[in-house]
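This one's a predicted model, so the numbers in the text were calculated from it and none came from an experiment. The figures that follow rest on heavy atoms only: side chains count, while hydrogens, waters and symmetry mates do not.
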Amino acid sequence: MSQLDKKIQKRSDRMVELFDNYKGKEIKDFPAPPFSKWLNYKIINVKRGEMELEFLVRPEMANPTGLLHGGMQCGLMDDCIGITSTTLGYEGFPISIDFHVDFLGKVKVGEKVRAIGKVIREGRNIIHMTAEIYDINGKLIATGNSNLLKTNFIPDYVKAADELSEEKF
């Protein structure tokens, strides 16, 4: 294993451990981007390249019929893919270069949903990932897939997570 691979693996292990310590807690107290904090999900499961999150569907997330808005479904899946990508251990933030969605079901305000993000393929420059939303009974609500471009940009919340992990771990 090269020095770079060892560094990536170490960072991946640290991020998984950090998220693992936040299991069951609301993300609003985590050094996350504002949109993630607004979504206020809970981490259910985490491992390298895979994460399961739980969301409560709030009134401000609904369309006029009281169902989870399609754009919000996209946002949930995109955020799930984004936070899952941090478990890979790359120094820079991977950015979405495309996003494809299929809406397959519905959930009402007040219900909980689970989003599962997974890495399908890690290439030299591109990471292919998927996300799925399920209702609390396990019925598939939406699927999405995205290609992410590896970058050198290190966002503030990653730096904050680095500092937090140094303090606590």
Specify the closest pair of heavy atoms between [X] and [Y], including all atoms of both residues, with the distance to one decimal.
X: Leu88; Y: Gly49; result: CD2-CA, 3.8 Å
X: Gly75; Y: Phe35; result: O-CE2, 3.8 Å
X: Met72; Y: Leu68; result: CG-CD1, 3.7 Å
X: Asn40; Y: Arg58; result: CB-NH1, 4.3 Å
X: Thr84; Y: Gly117; result: CG2-O, 3.7 Å
X: Ala115; Y: Phe55; result: CB-CE1, 3.6 Å

Discussion item. Counting only heavy atoms from other residues, nucleotides and ligands, does the tally under 6.0 Å from CG of Asn152 exceed 12?
Written reply: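 12 or below, so no.
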Worksheet item: Would you say Lys47 has more than 12 foreign heavy atoms packed within less than 6.0 Å of its NZ?
Response: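 Count not over threshold, so no.
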Fill in: Partner set under side chain to side chain donor-acceptor pair (under 3.5 Å) for Glu132, not counting sequence neighbours
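For Glu132 the side chain to side chain donor-acceptor pair (under 3.5 Å) partners, ignoring immediate neighbours, are Tyr134.
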Worksheet item: Gln9: what forms a side chain to side chain donor-acceptor pair (under 3.5 Å) with it, not counting sequence neighbours?
Response: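 So Gln9 forms a side chain to side chain donor-acceptor pair (under 3.5 Å) with Asp13.
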Discussion item. For the residue pair Ser36 / Asp79, report whether a side-chain donor-acceptor contact shorter than 3.5 Å exists.
Written reply: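 Asp79 vs Ser36: donor-acceptor pair found between side chains.
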Note, [X] side chain near [Y] side chain (heavy atom, < 4.5 Å):
X: Val107; Y: Leu67; result: no
X: Arg11; Y: Arg14; result: yes
X: Lys150; Y: Tyr90; result: yes
X: Lys118; Y: Met129; result: no
X: Phe99; Y: Val101; result: yes
X: Ile83; Y: Leu53; result: yes
X: Ile81; Y: Leu148; result: yes
X: Trp38; Y: Pro33; result: no

Worksheet entry | Full working for side chain to side chain contact (heavy atoms under 4.5 Å, CB included) between Lys42 and Glu26 | CA-CA 5 Å; Lys42 293 180 181 177; Glu26 294 180 337; 4.0 Å; yes
First locate atom [atom1] of [X], then atom [atom2] of [Y], and finally report the distance between them rounded to the nearest 0.5 Å.
X: Lys7; Y: Ser12; atom1: NZ; atom2: OG; value: 14.5 Å
X: Lys108; Y: Asp135; atom1: NZ; atom2: CG; value: 11.5 Å
X: Ile136; Y: Leu56; atom1: CD1; atom2: CG; value: 10.0 Å
X: Asp5; Y: Gln3; atom1: CG; atom2: CD; value: 9.5 Å
X: Ile141; Y: Met77; atom1: CD1; atom2: CE; value: 10.5 Å

Item to complete: May I ask you to check whether Tyr22 and Phe30 place their ring centers less than 6.0 Å from one another?
Response: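 Ring centroids of Tyr22 and Phe30 are less than 6.0 Å from each other.
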Discussion item. For Asn147 and Ser96: C-alpha separation, side-chain torsions, deciding distance, then whether side chain to side chain donor-acceptor pair (under 3.5 Å) applies.
Written reply: CA-CA 6 Å; Asn147 289 299; Ser96 299; over 6 Å; no
Could you see if [X] belongs to whatever hydrophobic cluster contains [Y]? Use Ile, Leu, Val, Met, Phe, Trp, Tyr and a side-chain cutoff under 4.5 Å.
X: Ile95; Y: Ile126; value: yes
X: Val109; Y: Phe103; value: yes
X: Val113; Y: Leu104; value: no

Worksheet entry | Verdict with supporting geometry, Asn45 and Met51, side chain to side chain contact (heavy atoms under 4.5 Å, CB included) | CA-CA 6 Å; Asn45 288 307; Met51 192 172 287; over 6 Å; no
Discussion item. For Lys10, give me all partners under salt bridge (Lys or Arg N to Asp or Glu O under 4.0 Å), at least two apart in sequence or on another chain.
Written reply: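 Expected list: none.
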Is [X] reaching over with its side chain to a backbone N or O of [Y], donor-acceptor style, under 3.5 angstrom?
X: Ser146; Y: Asp98; answer: yes
X: Thr151; Y: Phe93; answer: yes
X: Asn63; Y: Thr65; answer: yes

Item to complete: Applying side chain to side chain contact (heavy atoms under 4.5 Å, CB included) between Glu52 and each of Val46, Ile44, Ile43, report the one that passes.
Response: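 The single option meeting the side chain to side chain contact (heavy atoms under 4.5 Å, CB included) with Glu52 is Ile44.
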Fill in: Chi angles and distances behind the salt bridge (charged side-chain N to carboxylate O under 4.0 Å, His left out) call for Lys112, Glu54
CA-CA 7 Å; Lys112 291 182 179 180; Glu54 184 177 85; 3.7 Å; yes
